[in-house]
Amino acid sequence: MSSFRFKNPDEKPGYGEEDSNFESAISSSFVYNPNMSLDLQSQRNKLPITKHRNEVLYLCEKFQTLILVGSTGSGKSTQVSQMLLDSGLCQCDKSIVITEPRKISAITLATRVAQEQKTNLGQLVGYSVRFDNCSQPSTKIKYITEGILLNEMMSNPLLVNYSVIILDEIHERSLMTDILMGLIKKVLKKRPTLRLIILSATLDSSQLKSYFNLNQSNDPANDTATVLGIEGRSYPTKIYYIKDPTPNYVDESINTVLKIQQGGTLGDILVFLTGKEEIMQAVNTLDDYNVKNPNEKIKLLPIPMHGTLTNDEQLKAFRPAPRGYRKVVFSTNVAETSVTISGIVYVIDCGFVKLKWFNSKFGADSLITVPISKASAVQRAGRAGRERPGKVYRLYTKEAYQNLINATPPEMMRSDLTDVTLQLKAIYINNVLRFPFLSPPPAKNLLYAMEMLKALEAIDKFGNLTDSFGTIMAELPLPAKHSRILLKSAEMGCSSEIISILAMLQLQDAFVRPKYGATIQKAKIQHRNFEVAEGDLLTLLNIYNGFEKNQYSQQWCHRFFINHNELCKARKIRSHLIDLMRTSKIPLKSCKGNTRIIIKSIASGLFKNAAYLHYTGVYRSVGLDEDLYFHPKSVLNYVNQPQWVLYDELLETTKTYIKNLVEITPSLLLEVAPHYFATPTLQNR
DNA sequence: GAGCACTGC
């Protein structure tokens, strides 16, 4: 093991160290609550926000928009709504709505607030998320996910049911929050009595303030937006930087864990790495260490934490370590935003993150590893010291920290905007280029979105939604290309099969893929029962049909190594789609397994995503001459190698992978999309 | 042989 590479904080005061109280934001679920033993009212009285009650109410009355900056633990997500309700500030026939980026936050917050208000959930206080509406028209405080509010705006653009809109977790800058902010800014101009409260954990509030300030004069007395800062609630945290840059942060993180271990002080460790592979590697290394050092007084207990783990596997990270063990959680960015693990005293931060970045040239996402932002570094550090003083080890130099960008570019600037553009058009935001974006996306991305929508015939050459497709496509909870497949399949008479496929495409993975031992092969053999030469999408249909035929049985799923939870989700999505089709008068028809028709309707939505087998033996994309590789999960890796395929998704990681494939013939492309294909392109191949 | 930050309608 190499020597300790961090500067001793006592070595040179003021260098290599920082004392600070972190204003850390965490998702509202699983928040550590040091006052758990107190009764509800005493707990509420102890929250930092309670001291600011009069200020909040006064500012809400005086200003149309209030930007409230404060860390979690300040109580802003649960208390602000109740303050407004209790004060009677909200008009009697209207309610208060709070948006959350994740379902789990909306549900847990509503549950908590209902308890505090001493009512049953779903009456005075409720929530609404996809597939789960627990509210009534009389509900006064409603926690909802962001997408629900956007959906409500389609039928009610001025949101007249609400007197106060609270947007939570704004610092995350999700695609949805940015869209909502732009839309609500317009609503504020038309409804002067509406109040907007923005809850954010970061300190960069000046940009938000000027964005929402509708004051046209030079007199600040007429400002319509203001900022209020709330102190957080945490212990001091010491920060250590590495002396020299490390060539391998995974190894370095292990060294640091062992140094903490040698230091002897107790406390769990949270290590931030970028991906599953790194995490597995780190966990294995610590396992080896345990085998070689069986006599440690306190044993290290390595635990992986990432999004693709099952719920049971994730729970391990939340359980306290058994006596004689110290938890070492190796995590991706999930632990920065989505989940909070209690008991963390030490944080080790590798300084990198994997980000999805949309590339308008390929019309696809790249997954790239980039240095984190300062805001992220602060956020990660804030995971230590929530329950007692903590220590943070940054696996980068102080100089590197100072050179980090302030904040991660918002999703809006690095996402495919096709679906968002379609939704905006449905709420009469026709000129998307002139939408008041807080962070304007690259013009290229907007142009790509329009071209895409035009190719899918959702908009006409003037950019207006088409009557035939556009209006309905915007209302379906599907990606635009999938909505088109559905509408086409209804014309062709196979919509029943297509909705099964589209529902299955929304799952993470329908197959259970064991990680160890003989079951790996067993699972693969069972999966062969569903795999067909036509490709992945038809394989998905086979799985769903089997599931349906066997009465959605758990035993059946178990036998064939199919993920029962995921399949149940597909069933739910499918029946939701059937409901929507009924209201939109889209016929539900089965082609009785006629694969030719099914593939034809798929092609009518994915025609842009064609690839052919080049004579070099690699697949090439049509038009881009980019080498493409079948994703390792594709069944076409071992079923056959067709001349032409369509893909649902293209993802650039170490190679350019195409996912969810269907075998096709080039003539089919001309048949389904004559409006798109310049014939010579295909004939020249 | 090789791959998957995270959400959501």
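These numbers come from the heavy atoms of this one structure, side chains and all, not from hydrogens, waters or symmetry mates. What you see is a predicted model, and the numbers here were worked out from it, not measured in a lab. Letters A, B, ... are given to chains in the order of the sequence lines, protein chains preceding strands, and every chain is numbered from 1.
- Sequence order on DNA chain B of the closest nucleotides to A:His576 and A:Lys524 puts A:Lys524 first from the 5' end.
- Relative to the side chain of A:Asn637, the nucleotides B:dG1, B:dA5, B:dG8 differ in distance, and B:dG1 lies closest.
- Under the rule for a ring pair (Phe, Tyr, Trp, His ring centres under 6.0 Å), the partners of A:Tyr619 that lie at least two apart in sequence or sit in another chain are A:Phe630.
- The six-membered or imidazole ring of A:Phe330 lies away from that of A:Phe272, with a centre-to-centre distance of 6.0 Å or more.
- Relative to the side chain of A:Lys103, the nucleotides B:dG3, B:dC9, B:dT7 differ in distance, and B:dC9 lies closest.
- Proximity note for A:Thr654 (side chain, C-beta onward) versus B:dA5, B:dG3, B:dC4: the nearest is B:dG3.
- At a threshold of 4.0 angstrom between heavy atoms, the contacts of A:Val334 are confined to the sugar-phosphate backbone, with no base atom among them.
- Note: OH (A:Tyr629) to P (B:dC4) measures 15 Å, nearest angstrom.
- At a threshold of 4.0 Å, the pair A:Lys481-A:Asp648 counts as salt-bridged, since one of the basic side-chain nitrogens sits closer than that to a carboxylate oxygen.
- Distance, A:His306 NE2 to B:dG3 C1': 12 Å, rounded to whole Å.
- Here A:Ser174 lies out of heavy-atom contact (under 4.0 Å) with every strand.
- Here the side chain of A:Tyr657 is nearest to one of B:dA5, B:dG1, B:dC4, namely B:dC4.
- Taking only side-chain nitrogens and oxygens, A:Thr145 never comes nearer than 4.0 Å to OP1 or OP2 of B:dT7.
- Taking for each of A:Ile148 and A:Asp509 the nucleotide of DNA chain B with the nearest heavy atom, the 5'-most of the two is the partner of A:Asp509.
- Rounded to whole Å, atom C1' of B:dG8 lies 15 Å from atom NE2 of A:His482.
- Of the candidates A:Leu651, A:Leu650, A:Asp627, A:Leu650 is the only one forming a side-chain contact (heavy atoms from CB on, under 4.5 Å) with A:Thr656.
- The CE-P distance, from A:Met305 to B:dA5, rounds to 13 Å in whole Å.
- For the pair A:Met176 CE and B:dT7 P, the computed distance is 15 Å after rounding to whole Å.
- The interatomic distance linking A:Ile279 (CD1) with B:dA5 (P) rounds to 8 Å, in whole Å.
- Residues meeting the side chain to side chain contact (heavy atoms under 4.5 Å, CB included) test with A:Leu367, sequence neighbours left out: A:Lys354, A:Lys356, A:Thr653.
- In terms of polar N and O atoms assigned as donor or acceptor, the side chain of A:Lys633 never comes within less than 3.5 Å of the base of B:dG1 in a complementary pairing.
- Within 4.0 Å of A:Leu651, counting heavy atoms only, lie sugar-phosphate atoms of the nucleic acid but no base atom.
- Between the CG atom of A:Leu476 and the P atom of B:dG8 there is a distance of 20 Å, given to the nearest Å.
- Residue A:Lys356 has its side chain nearest to B:dA5 when only B:dC4, B:dA5, B:dT7 are considered.
- In this structure, CG of A:Leu367 is placed 6 Å from P of B:dA5, rounded to the nearest angstrom.
- Between A:Phe561 and A:His527, the ring-plane angle classifies as perpendicular under the 30° and 60° cut-offs.
- Counting non-hydrogen atoms under 4.0 angstrom, A:Asn333 reaches nothing in the nucleic acid.
- Remark: A:Thr337 is not in phosphate contact with B:dT7, judged by side-chain N or O atoms under 4.0 Å from OP1 or OP2.
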